[in-house]
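See below for the structure under consideration.
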Amino acid sequence: MSNREFYQKTFSQVRGRAEIRWEDYAMARRGKSLKWAAALAAAVGLLAALSVLAVAANFFGLRDVLLPEKGSVYVTDERGVVIPGEKEFKDFVSLSGWGDAPESRALAEWEAFQESYDPDGAIVSAIGNEPTGFEEEYGFYLVYTQEMADKLEEIAAKYDLKLHSWMEVVLPEAWSAAAGDFCGENVTPYSGYIYENGTFRFDGDAELGSGELKGYGTIEYQFSRSVKGTFDDVALNIGDLSDFEEWGYRTADGTPVTLGLGARNRSLILADLGDSFILVNVLTGRQGDDTFSSGAIGREELEALADSFRYSALTPARAPDRAAVLAANDRYMEALQSQPLETLPSESEDPLYTRTGIQSDAARDFVLLLAERIEDGRKEEIADLLVYPAQVEVSAGTFTVNAPEDFLPYYDEVIGQNRLGLSTALTWEPAPAEFQIFSDGSGLASVADGAVWFGLVEDGVIRIFTIQTDQAAVRALGAGEIPQDGGEDPLYVQTGISTETGRDFVLRLADLLESGEREEIAALLTYPVQVKTPNGEWAVNTQDEFLEHYDETIGGNGRGTLAADLRADPEPFADGSGLASAADGAVWFGLAEDGDLRVFTLQSEAWQWSVRFRDAERP
């Protein structure tokens, strides 16, 4: 399974105005930064008949948080890939409270307006990536015309609601400073964000293993607290309400909650605290698998997770101390940077760390902080994060910049005009998680469908190698040196490999694969490598060790298909990572320390095996 397919299967179902799926977002980044705001608006449908089981004997339950109209979502095949043109209707619930609350009624009215506004995307397409003038005041609601702004203000006034005015990233160890001590000892909150009124959201996990649970293990969730009195444009796709078994429960701290045990990888915890509303989206269910959590759960596990939070610590709701949150974030980052090497995760615990040398938590925090800097227009700080020398690609041509001050004149065209699209892409609800940040075997990490690539440099800090949109880009030059004889060959500029040399290398590799030259293929790999097959995963340090796994990977199923793929698509391309690729990512290769070409990744998605360079440092 590719990173893309994995993302399709696991991407968060929390959304603003519409269900968000990988295809929707990828299309938006390649198109216009605002186009998706209309293209993803939920369609109006008839409300399905509700299950008697799901709502019986409960005055306030899942039915009471349902939005009045279903939302349309894309239909996917068995691999999680969207089927073009096919949609289906799903039940959505408000994260703001019961359906009769002014916040939920405002959300329903706003969604109905957006469903009928600019249905073909003509207005937003005409705007493109140009600033709309509404970012500062309505940036949290993605308003792009005066008509939308007027409607939003009308709805807010009608229901006597305020609009969000600021948002701050909250790093894992800063939640007590942001919102109080509401997490039990078995709970780990990840990075998230908090608004000016105390509304916040984050992903997290909890260990369930005490009492009679007999070591269930890790269960993952998405926690949302919506403070009443402010309009919050967020809803959750719960699939089909009739899939849930529902009951009332009183938690360990005495808070009454509604619990909904779902059929597969979604269950719910609801709590009305009077001045705020809690919704916990639990990423497993009665027939859940180990995609997110340790497997399926029953009533006992869901009740145990509900007992893991101290809801009483969240009321009365208080506005966060922004300075205290920023100070706590700074302390967390300082502690992370000074973390002893022996405390870092093992390869099996953190695949991103294995491939890039960056812990998943640190990568997530870096992405959130980058998004904040982009949103705030902190040009100098972003320029300082880039790797130099770099190549800038703008409408006027391609230029080389050697220092932050050289890049600043190009900032607005590369990043500034795409500020809203980039920052939103990096912080989509509820927050970037490990499965959104991936590595392709090049030693770099990527997020937002390849819009940003980042990695470790020699001083051990994270730097940005590429920021790109459909109109402009800034990319680190290959190997950190300006090529002297690359001419106009873009592959050479980025990798030090000419297009002709790269093409010949791919075709030669295809010949070796087809003829079964296992020793020569083993000699082309860059060691150490990580070998993955349907039967297991191994760390391999030498050619001889790899040959023991050759028949399970390269020499087994798909050898002829892979060779044919390389011949059919031998044209190499670069993504800003310093490596070249061909055949839709089936092979990644680059220059080794001795100047020879080496294979960094060879993989077959169809046969589910891969061989990838696993060192943290790239040649």
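FYI, the numbering just counts along the sequence from 1.
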query: Nearest 0.5 Å, what's the CD-CD distance between Glu537 and Gln530?
result: 4.0 Å

- request: List in chain and number order the residues that pass ring-ring contact (aromatic ring centres under 6.0 Å, His included) with Phe366, two or more places apart in sequence or in another chain; answer none if no residue qualifies.
  value: Phe454

- request: Measure the CZ-CG distance between Phe600 and Leu525 for me, rounded to the nearest 0.5 Å.
  value: 10.5 Å

query: Are side-chain heavy atoms of Ile554 and Arg518 found at a separation under 4.5 Å?
result: no

task: For Ile464 and Val452, work out which heavy atoms get closest and say how close.
output: CG2-CG1, 4.5 Å

task: Measure across Ala510 and Leu566 and return the closest heavy-atom pair with its distance rounded to 0.1 Å.
output: CB-CB, 3.9 Å

task: Answer yes or no: is there a donor N or O on one side and an acceptor on the other, between the side chain of Arg364 and the main chain of Ile437, under 3.5 Å?
output: no

task: Check Arg567 against Leu507 and note the closest heavy-atom contact, atom names and distance.
output: CA-CD2, 4.1 Å

message: Going by the rule side chain to side chain contact (heavy atoms under 4.5 Å, CB included), which residues pair with Ala568 if we only count those two or more places apart in sequence or in a different chain?
response: none

- prompt: So, does Thr601 use its side chain to make a donor-acceptor pair with the main chain of Arg612 at under 3.5 Å?
  reply: no

statement: Contacts satisfying salt bridge (Lys or Arg N to Asp or Glu O under 4.0 Å) that involve residues 496-506 (not counting sequence neighbours) are Arg503-Glu571

task: Start with the C-alpha distance between Val540 and His549, add both sets of side-chain angles, then the distance that settles side chain to side chain contact (heavy atoms under 4.5 Å, CB included), and finish with yes or no.
output: CA-CA 9 Å; Val540 173; His549 300 282; 3.8 Å; yes

Distance (rounded to the nearest 0.5 Å) between Gln603 CD and Trp609 CH2: 8.0 Å

field: Tyr527 vs Thr542 side-chain heavy atoms within contact, under 4.5 Å
entry: no

field: CD-CD1 distance between Gln543 and Ile521, expressed to the nearest 0.5 angstrom
entry: 12.0 Å

task: Apply side chain to side chain contact (heavy atoms under 4.5 Å, CB included) to the pair Val401 and Leu386, showing each step before the final yes or no.
output: CA-CA 10 Å; Val401 292; Leu386 297 175; over 6 Å; no

message: What I'd like to find out is whether the side chain of Arg373 reaches to under 4.5 Å of the side chain of Leu385, using heavy atoms alone.
response: yes

statement: The side chain to side chain contact (heavy atoms under 4.5 Å, CB included) partners of Glu520 (sequence neighbours excluded) come to Arg508, Leu512, Glu517

query: Just wondering, do Leu591 and Asp596 contact through their side chains at under 4.5 Å, heavy atoms?
result: no

field: Flag side-chain contact, heavy atom, 4.5 Å: Leu602 against Leu562
entry: yes

- request: Identify the heavy atoms of Ala580 and Pro572 that sit nearest to each other, and give their distance.
  value: CB-CB, 4.4 Å

Reference residue Ser191; test side-chain contact (heavy atoms from CB on, under 4.5 Å); the match among Leu369, Asp203, Leu171, Val367: Leu171

query: Could you walk me through whether Phe407 and Tyr388 pass the side chain to side chain contact (heavy atoms under 4.5 Å, CB included) check?
result: CA-CA 10 Å; Phe407 171 69; Tyr388 297 96; 3.7 Å; yes

message: Within the structure provided, determine whether Asp365 and Pro172 are in side-chain contact (heavy-atom separation under 4.5 Å).
response: yes

- prompt: Just by distance, do the side chain of Thr501 and the backbone of Ile497 share a donor-acceptor pair under 3.5 Å?
  reply: no

statement: So CD of Glu220 and CG of Asn265: to nearest 0.5 Å the spacing works out to 10.5 Å

task: Please name all residues satisfying ring-ring contact (aromatic ring centres under 6.0 Å, His included) with Phe505, sequence neighbours left out, ordered by chain then number.
output: Phe589

message: Looking only at side-chain N and O atoms, does Asp118 offer a donor or acceptor that is under 3.5 Å from a partner on Tyr144?
response: yes

query: Is there a side-chain contact between Tyr193 and Leu368 (heavy atoms, below 4.5 Å)?
result: no

query: Heavy-atom count around Asp584 CG within 6.0 Å, excluding the residue itself: above 12?
result: no

- prompt: Which atoms form the tightest heavy-atom contact between Phe546 and Ala522, and what is the distance?
  reply: CD2-CB, 3.9 Å

task: Answer yes or no: is there a side-chain heavy-atom contact under 4.5 Å between Leu422 and Ile467?
output: yes

message: The criterion is side chain to side chain contact (heavy atoms under 4.5 Å, CB included); which residues satisfy it with Lys379, sequence neighbours excluded?
response: Leu408, Tyr411, Asp412

statement: Interatomic distance, CD1@Ile462 vs CG@Leu444, rounded to 0.5 Å, equals 11.5 Å

task: Quick one: closest heavy-atom pair of Thr400 and Pro389, and the distance?
output: CG2-CB, 4.4 Å

